[in-house]
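Structure, as structure tokens:
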Amino acid sequence: MSAPATRIESYEDFVKVHGVLLAASGLPRSLHRKLLEKLTAETFDGGAYFQVEPCEDGRQRRLLLAADSLPKHADVFLVDHAWTFRLSDAYKQLKEVPGLAERMAALMCVDVDYNSDTEVHPKLSAEEVVEGEIQNAKEKGEGTVWLELDELDIDDDKLMALDLPSKFPDLVALSLCGNKLESADIVVEEVTKFRNLRALWLNNNPLIQICSGNMTDRILEGCSRLEILNSHFTHNFGEWALGFCAGLVDKDHPWCANQSDPHLQNLTSLDLSNRCINNLICKAFTPVEMPRLSHLNIRENSFQDNSVGELLEVLRMFPCLNSLELDIPGPLGESAIEILQSLPKLSLLNGIDASKILETEKHVIDSMLEPRLPEWTAGEPLPDRVINAMWLYLMTYRLANEEKIDETSVWYVMDELGSALCHSDVPNFRVAPFLFMPDGELETAVSYSILWPIQDVKKGDECTRDFLFGIGEDKQRSARLTAWFHTPQNYFIRAFENHCKTLQSKSLVSPLVKPSETGSLHHSVENPLRVCTDIPQVEEFLTRSEFVTTTEPKDADIIWMSMQLDEETKKALGIKDQQYINQFPFEACLVMKHHLAETLQKACGSPEWLQPTYNLETHLSQLIGDYYVRERDGQNNLWILKPWNMARTIDTTVTDNLSAIIRLMETGPKICQKYIEHPSLFRGKKFDIRYIVLVRSVDPLEIFLADVFWVRLANNPYSLEKHSFFEYETHFTVMNYRGSLNHINTQDFVREFEQEHQVKWSDIHQRVKNMIRSVFECAAVVHPEMHSPTSRAMYGVDVMLDSSFQPKLLEVTYCPDCTRACKFDVEAVAAGGELVKGQDFFNDVFGCLFLNETSHVSPL
């Protein structure tokens, strides 16, 4: 029962109603009265104290103090919330609420080009571009050596038809980015005809994702002078590639075959970031070739062929080098202090004065990170831009009262003033959400953020906050900063590679032998087995004469409960060790998503039926590394985040945004699993299947699969359009609780599926059975403590098929959830074609588990 509402009429009332919120916010007690005054009068006076100014070339804003000074804890300011929403409603609101997308786009600095009056010219075809280049070459009296054919819908056939090698025999650079090339053989055959080629760009073509790595080797073998491939340096890189990165080489200055290589003697600045350089030491990268080099950026390269000592030695040789940008931790070590001590000529390291770094090591690493700025493509609608950029600005809270806590978190964006606060590890302000309840009731609460100084601030100082307040390295602080900053990719890639090596070393300890049958419980017609249950379906449908229900747990032979029967609960209910229960000890290793992944990975590493899965609370760095590798290799990067132990897809999100993945950790512990972006479809819609597994024994392992399974269908046609990720009825199949429920008879599904895809369901079913057997084998091997002679259980195993009809494990649900969710009052058809109702099903389940019968079940 909620406490009676208290209307706020005094300071004492305010503290009484908001005491918990005040304590949670961290606002000093000395500012409580001032906060009440501003809340009551709705005073937004931040404009008199602060000013917002653009930075990062207009792609970000920062907040400066405009007042003369503001001492620590001197004042508190109200910050309005410009947008408050549930995540599932975000895209819809941006599309439908007038002015919302425009305001958010301006606040997030993604509207820069939206109202541009730039004239749009009709797009030329590939043939027209080629003919134009030929005509220009004739007019200039020289051959074309640099050809850019980006985003011209060139497929494999068109590439051959263009016959580029014969038209441009002296080509030095060729860009085919953003086309439709799929065949590695055709591309290799065509490009290796260019003997003088120095640079080739095939980025954003399908073949980058679908072709094997030997395509690169074949291109390099045929193009011996190639220095840049897909924006990365090859092992042949030299002065040409360095000149390109320095801006000395471009279409107007291509440095073709009959010219000398670009002269680097006057070069002062060189950006080699993200070029996948394995070996920096070559005859071109020397102080002899670049004696005036003063600024060097070598971020996001592995340099795996160079030792720290070798890299430091070559950098020390550059006489004018005084500014260096690199990953920390990275190939030169993990300490900025040690790097500066090894390179004493440096005056700037990652843009920070070397003397300041040497004075304090407190925020060396995090303060040198480049901000992650929003990106968009020309012509992209404002709602899509906002959805992508909002994770750099969002904050979150979850509503709760004395009776319950909301299942879904609330996300919000602070107004223009609050959103201009940038991050610092040593902030001078603090921000906290605050719900003001003037009537003392949650239903009439108004949400704000409150802002106050925690350090003395003077005019012109930047006002900052800690985006990860209260989160230290024990909670993966440095990795979580990746949501807002470009953190060292190599560090995370190494963590991912080590994780892969660990998984590859795993395998089942030994195959588990098919067990003999477990003995059945003793019963008779005169002395039936007594079942105590709190699940209505069991009480209603269990009608066999061998069983009778009782309301007294201590009198029962079988306890079939929805609650968790831990030792304390057993003691309270008077349950003895001799009574049978519907739960196995340590079954959390199966039914909690993070434990399930850990169990399977410990037992067999990365089985093909388990999508790459990461517990974000412990393996965030490895996930980030996986994301970076996929991004680097042009692979799909769509992921699904699932709470550890929540059902009905609550707080489950599909996204390809790395910042979103990291920020979603704030709404509770989750696993992040590679999304099955190409599932097998039924009538064009996504589906999954709930199988029922009955476990009689763990040691020896004795499990059975019910012949009946439940097909669960999405309501909308499947789509990979970004906006569809927010559509529950497109990407999720559990419609018992949201959306219209879509049932299909099992036998009808099998028949239609076989006809639609021209496959045999029996083959698919066998693969599913093998997978399910493996799942329980893993649990039995890794957790032998699951064994209990008085345990029997029913589990739901959710399975999805990919486009190759290979099964993928989604999750395992424990007995009570499985009992309720399957809706046994709905008729289904068993594998043999016999109609099974809820009553038949429960009688079969109890017959299998307690009487050793095998009607409508099959041993695994």
Decide side chain to side chain contact (heavy atoms under 4.5 Å, CB included) for Cys422 and Leu63; before the verdict, give the C-alpha distance in whole Å, the side-chain angles of both, and the deciding distance to 0.1 Å. CA-CA 7 Å; Cys422 293; Leu63 191 67; over 6 Å; no
Closest heavy-atom pair and its distance - Leu664, Leu87: CD2-CD2, 3.9 Å
Using a 4.5 Å cut-off on heavy atoms from C-beta on, say whether the side chain of Leu451 contacts that of Leu421. yes
Other residues, nucleotides and ligands only: do more than 12 of their heavy atoms fall within 6.0 Å of CD on Glu53? yes
Is His18 reaching over with its side chain to a backbone N or O of Met437, donor-acceptor style, under 3.5 angstrom? yes
Please examine the side chains of Asp466 and Leu468, heavy atoms only from C-beta on, and report whether any two atoms are closer than 4.5 Å. yes
Would you call Glu370 and Arg299 a salt bridge, taking side-chain N to carboxylate O under 4.0 Å as the test? yes
Is a donor from one side chain sitting under 3.5 angstrom from an acceptor on the other, for Trp83 and Gln93? yes
Within a strict 4.5 Å, meaning less than it, do heavy atoms of the Met665 and Gln476 side chains meet? yes
Assess, by modelled atom type and distance only, whether the side chains of His423 and Asp425 contain a donor and an acceptor separated by less than 3.5 Å. yes
Option from Glu598, His594, Gln601, Lys674 for which side-chain contact (heavy atoms from CB on, under 4.5 Å) with Thr613 holds: Gln601
Measure across Asp327 and Gln489 and return the closest heavy-atom pair with its distance rounded to 0.1 Å. OD2-N, 4.3 Å
Is the number of heavy atoms from other residues, nucleotides or ligands under 6.0 Å of Gln635 CD greater than 12? yes
Tyr91 and Phe725: aromatic ring centres closer than 6.0 Å? no
Does CD in Glu631 sit with more than 12 non-hydrogen atoms of other residues, nucleotides or ligands closer than 6.0 Å? yes
For a quick test of reading the model, state the closest non-hydrogen atom pair linking Leu417 to Gly47 and the distance between them. CD1-N, 4.2 Å
Side chain to side chain contact (heavy atoms under 4.5 Å, CB included) assessment of Arg632 paired with His232: CA-CA 10 Å; Arg632 180 194 69 193; His232 298 155; 4.0 Å; yes
Hey, which of Ile493, Thr487, Asn274, Leu326 is the one that makes side-chain contact (heavy atoms from CB on, under 4.5 Å) with Glu300? Asn274
CH2 (Trp639) and CG (Leu616) are apart, to the nearest 0.5 Å, by 9.5 Å
Could you report the tightest heavy-atom contact between Leu641 and Lys670, atom names first, then the distance? CB-CD, 4.1 Å
Note: Asp798-Arg712 ion pair, threshold 4.0 Å (strictly below): yes
Shortest non-hydrogen contact from Cys672 toward Ile661: SG-CG2, 3.9 Å
Donor-acceptor contact present, side-chain Arg385 to main-chain Val110, <3.5 Å: yes
When rounded to the nearest 0.5 angstrom, what is the spacing between CG in Asp802 and CD in Glu677? 9.5 Å
With rounding to the nearest 0.5 angstrom, report the OH to CG distance, Tyr675 to Asp656. 12.0 Å
Between Ser449 and Val431, is there a donor-acceptor pair closer than 3.5 Å when you use the side chain of the first and the backbone of the second? no
Any heavy-atom pair between the side chains of Val410 and Arg86 that's under 4.5 Å? yes
Working note: Phe429 + Phe50, criterion ring-ring contact (aromatic ring centres under 6.0 Å, His included); need CA distance, chi angles, decisive distance, verdict. CA-CA 12 Å; Phe429 279 82; Phe50 306 97; 5.6 Å; yes
Between Tyr628 and Phe496, is the ring centre distance below 6.0 Å? no
salt_bridge(Arg494, Glu497) N-O dist < 4.0 Å: no
Distance from His32 atom NE2 to Leu27 atom CG, nearest 0.5 Å? 4.5 Å
CG of Leu503 to NE2 of His499, rounded to nearest 0.5 Å, is 4.0 Å
Between Glu56 and Arg62, is there a side-chain N and carboxylate O pair less than 4.0 Å apart? no
Does some side-chain heavy atom of Leu94 sit less than 4.5 Å from a side-chain heavy atom of Leu382? no
Verify, without hydrogens or angle tests, whether Asn301 (side chain) and Arg275 (backbone) share a donor-acceptor contact under 3.5 angstrom. yes
Going by distance alone, is a donor N or O of one side chain under 3.5 Å from an acceptor N or O of the other, for Thr655 and Asn657? no
Side-chain heavy atoms of Ser659 within contact of Arg372, under 4.5 Å: yes
Candidates Phe467, Tyr393, Trp391 - the one meeting ring pair (Phe, Tyr, Trp, His ring centres under 6.0 Å) with Trp484: Phe467
With distance as the sole test, does Arg61 use its side chain to make a donor-acceptor pair with the main-chain N or O of Ser419 at under 3.5 Å? no
Could you tell me whether the side chain of Thr652 and the main chain of Lys642 form a donor-acceptor pair under 3.5 Å? no
Trace of the side-chain hydrogen bond (donor to acceptor under 3.5 Å, both in side chains) decision for Thr43 with Asp45: CA-CA 6 Å; Thr43 302; Asp45 56 347; over 6 Å; no
What are the two closest heavy atoms between Leu435 and Ser447, and how far apart are they? CD2-CB, 3.5 Å
Is there a side chain to side chain contact (heavy atoms under 4.5 Å, CB included) between Ile208 and Asn203? Walk through the geometry before answering. CA-CA 7 Å; Ile208 298 297; Asn203 311 56; 5.9 Å; no
Exam field: side chain Asp80 to backbone Ala82, donor-acceptor pair closer than 3.5 Å: no
Do Met108 and Val413 pass the side chain to side chain contact (heavy atoms under 4.5 Å, CB included) test, and can you show the C-alpha distance, the side-chain angles, and the key distance before you say yes or no? CA-CA 10 Å; Met108 299 174 188; Val413 177; 4.1 Å; yes
One should read off an interatomic distance between Ile624 CD1 and Tyr614 OH, to the nearest 0.5 angstrom, of 11.0 Å
Consider ring pair (Phe, Tyr, Trp, His ring centres under 6.0 Å). Of Tyr448, Tyr397, Phe85, which one does Tyr412 pass it with? Tyr397
Is it true that a side-chain atom of Gln455 and a backbone atom of Pro427 form a donor plus acceptor pair closer than 3.5 Å? no
